[in-house]
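Before any comments, here is the structure.
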Amino acid sequence: MNCDAEKVIYMDNNATTRVAPEVVDVMMPFLTECYGNPSSMHNFGGQVGGAVEKARAQVAELIGADPTEITFTSCGTESDSTAIISALQAFPEKRHVVTTRVEHPAVKHLCENLDRLTGHKHRVTRLQVDSDGTLDLAKYEEALTEDTAIVSVMWANNETGVIFPVEKMAAMAKERGILFHTDAVQAVGKIPITLSELDVDFLSISGHKLHAPKGVGVLYVKRGTPFVPFLSGGHQENGRRGGTENVASIVGLGRACALAQEMMGEENTRVRVLRDRLEEGLLKSIPKSMLNGHKTDRLPNTTNVSFEFVEGEAILLHMNRYNICASSGSACTSGSLEPSHVLRAMGVPFTAAHGSIRFSLSVYNVEEEVDFVLKKMPPIIAELRELSPFWKED
Ligand SMILES: *Cc1c(COP(=O)(O)O)cnc(C)c1O
């Protein structure tokens with residue numbers, strides 16, 4: 001298959017990322033000759049186990065954790081499920097969960113199905129966000145009760161890039177003896193994280209959001225935090241997750257974490273400059289366009305811009321003609337175009353929520369790509385507005 005990757009202007013990195021060539025290189029031996037089982041007694045497998053342990057140390061290093069606190073999983077979704085279900089099983093007498101209205105479906109839909117999954121009735125508090133996507137800490141404090149088993153709050157939002165004050169929120173949960181989970185899938189590798197200094201009990205990572213392959217994730221579990229496995233089986237991962245390890249992808253994820261750490265300073269600054277150039281250019285050249293999400297409490301790579309009176313999906317189709325890849329904040333669910341739950345929670349007006357586009361950059365983007373997008377977007381929006389019955393220039 002040839003997917004013409006070199007022709008594409010890829011600005012959809014919050015959906016998935018390119019596997020770094022350096023990551024592919026370290027994975028190859030484990031897809032070919034080094035096929036031993038890491039649990040085997042013989043050296044042939046033992047060496048493979050050593051590679052898994054090296055990757056564990058690399059992941060731990062990036063997030064300021066101890067290698068013994070790292071468990072490899074199959075994806076970010078599994079890590080999220082494992083953390084929340086584990087906490088509810090560790091404290092079966094507590095039946096309350098605190099989360100937000102803007103979580104990724106991995107947490108959102110899990111929290112909608114807790115009763116079915118655990119066989120108990122749960123109460124879920126979903127914290128409201130302000131119009132800029134930020135949380136009110138006073139409301140958060142009010143939500144924490146004696147009955148709360150776990151808080152699950154994402155570190156950074158996948159649609160807007162807005163960053164939540166996870167450090168403070170984790171400390172507030174800890175004071176009350178409540179476990180704290182954060183879905184940090186979008187944050188890890190983009191902003192510095194030092195878990196040894198924080199009261200975070202569980203943290204989720206996904207490989208394919210940081211230039212490692214799809215189908216591998218990590219659950220960080222703080223030393224001393226009660227834990228109940230989600231997948232029972234063999235004694236892999238120190239008894240925390242059964243199932244033979246996805247060795248090649250784990251080794252790749254380790255390398256991706258080391259690369260992210262090297263790039264954290266300089267490269268992320270370069271990405272931020274590109275993102276700002278794109279954002280300012282769009283807002284300046286296109287009338288009735290606006291930023292969704294807090295201007296500064298935000299990931300360096302993400303911008304979510306609404307173009308009033310046009311449909312996001314129509315914009316994406318036009319962008320597709322120029323091989324520009326991004327996402328829209330409206331998903332075509334069951335035939336109806338619903339604005340995303342994130343933008344709805346922020347109270348973005350209907351006409352704007354429908355025309356929202358998320359651009360998410362990576363270290364592979366260059367200035368020429370940003371300038372190309374800035375050249376193409378104004379005529380695309382103008383053309384679509386010509387067709388819109390709601391558009392009136394004033
Ligand atoms: C992508 C994503 C996930 C899910 O990760 P998978 O590895 O695809 O299961 C969870 N949370 C956030 C915030 C994400 O962006």
Side-chain angles (χ1 to χ4, degrees), residues 10-19 23 59 63 70-85 99-113 126-127 129 133 135 151-164 166 169 180-191 193 200 202-220 230-231 241 243 245-246 248-250 252-254 256-257 260 292-293 297-304 325-329 331 340-343 345-346 358-362:
Y10 192 75
M11 298 192 176
D12 203 10
N13 287 278
N14 289 8
T16 198
T17 59
R18 168 188 177 172
V19 180
V23 167
V59 173
I63 56 176
I70 303 300
T71 299
F72 290 109
T73 65
S74 69
C75 59
T77 303
E78 184 191 325
S79 300
D80 288 342
S81 275
T82 303
I84 294 170
I85 301 279
T99 182
T100 77
R101 286 184 54 180
V102 297
E103 295 299 310
H104 185 273
V107 169
K108 180 177 185 277
H109 293 157
L110 177 74
C111 288
E112 287 162 8
N113 287 295
R126 296 175 180 84
L127 298 167
V129 293
L135 282 171
V151 172
S152 180
V153 170
M154 68 203 316
W155 200 310
N157 188 274
N158 46 302
E159 292 192 27
T160 60
V162 169
I163 295 172
F164 286 149
V166 159
M169 297 176 85
F180 189 93
H181 165 249
T182 181
D183 176 338
V185 167
Q186 292 295 345
V188 170
K190 294 177 188 147
I191 57 173
I193 291 176
V200 169
F202 302 103
L203 175 140
S204 306
I205 301 177
S206 169
H208 73 102
K209 304 288 174 74
L210 74 150
H211 304 291
K214 295 160 186 66
V216 65
V218 164
L219 178 63
Y220 158 90
F230 189 59
L231 280 190
R241 185 195 186 262
E245 298 87 341
N246 179 356
S249 294
I250 287 171
L253 177 53
C257 286
N292 295 314
D297 290 344
R298 196 155 50 117
L299 294 174
N301 79 316
T302 309
T303 182
N304 186 313
C325 303
S327 283
S328 89
S340 86
H341 68 285
V342 176
L343 299 182
M346 290 161 64
R358 174 191 72 189
F359 298 89
S360 46
L361 277 55
S362 82

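Just so it is clear, the values below take in all heavy atoms, side chains as well, and ignore hydrogens, waters and symmetry mates. Every number for a ligand or one of its atoms is a count from 1 in the order of the listing.
- Close contacts between ligand 1 and N158 involve ligand atoms 13 (C), 15 (O) [criterion: under 4.0 Å to a heavy atom].
- In this model, a donor atom of one side chain and an acceptor atom of the other lie less than 3.5 Å apart for N14 and T302.
- A side-chain donor-acceptor contact under 3.5 Å links E103 and T100.
- The main-chain N or O of G215 is found under 3.5 Å from a side-chain atom of N246 such that the two form a donor-acceptor pair.
- Atom 9 (O) of ligand 1 has its closest protein heavy atom at T77 OG1, 2.6 Å.
- Summary of contacts: the protein heavy atom closest to atom 6 (P) of ligand 1 is G76 N, 3.5 Å.
- Proximity to S206 (heavy-atom distance under 4.0 Å) selects the following atoms of ligand 1: 5 (O), 6 (P), 7 (O).
- Evaluated by nearest non-hydrogen atom to atom 11 (N) of ligand 1, the leading choice among V216, V185, D183 is D183.
- Using a distance-only test at 3.5 Å, with no hydrogens or angles considered, no donor-acceptor pair links the side chain of N304 to the main chain of N292.
- Residue C75 has at least one heavy-atom neighbour below 4.0 Å for each of these atoms of ligand 1: 6 (P), 7 (O), 9 (O).
- Side-chain atoms of D183 and S204 include no donor-acceptor pair closer than 3.5 Å.
- When all heavy atoms of T73 and C75 are compared, the closest pair comes out as OG1-O, 3.2 Å.
- Short contacts between ligand 1 and H208, defined as distances under 4.0 Å to a heavy atom of the residue, involve ligand atoms 6 (P), 7 (O), 8 (O).
- When hydrogens are left out, the protein atom nearest atom 14 (C) of ligand 1 is K209 NZ, 3.0 Å; that is the closest non-hydrogen contact.
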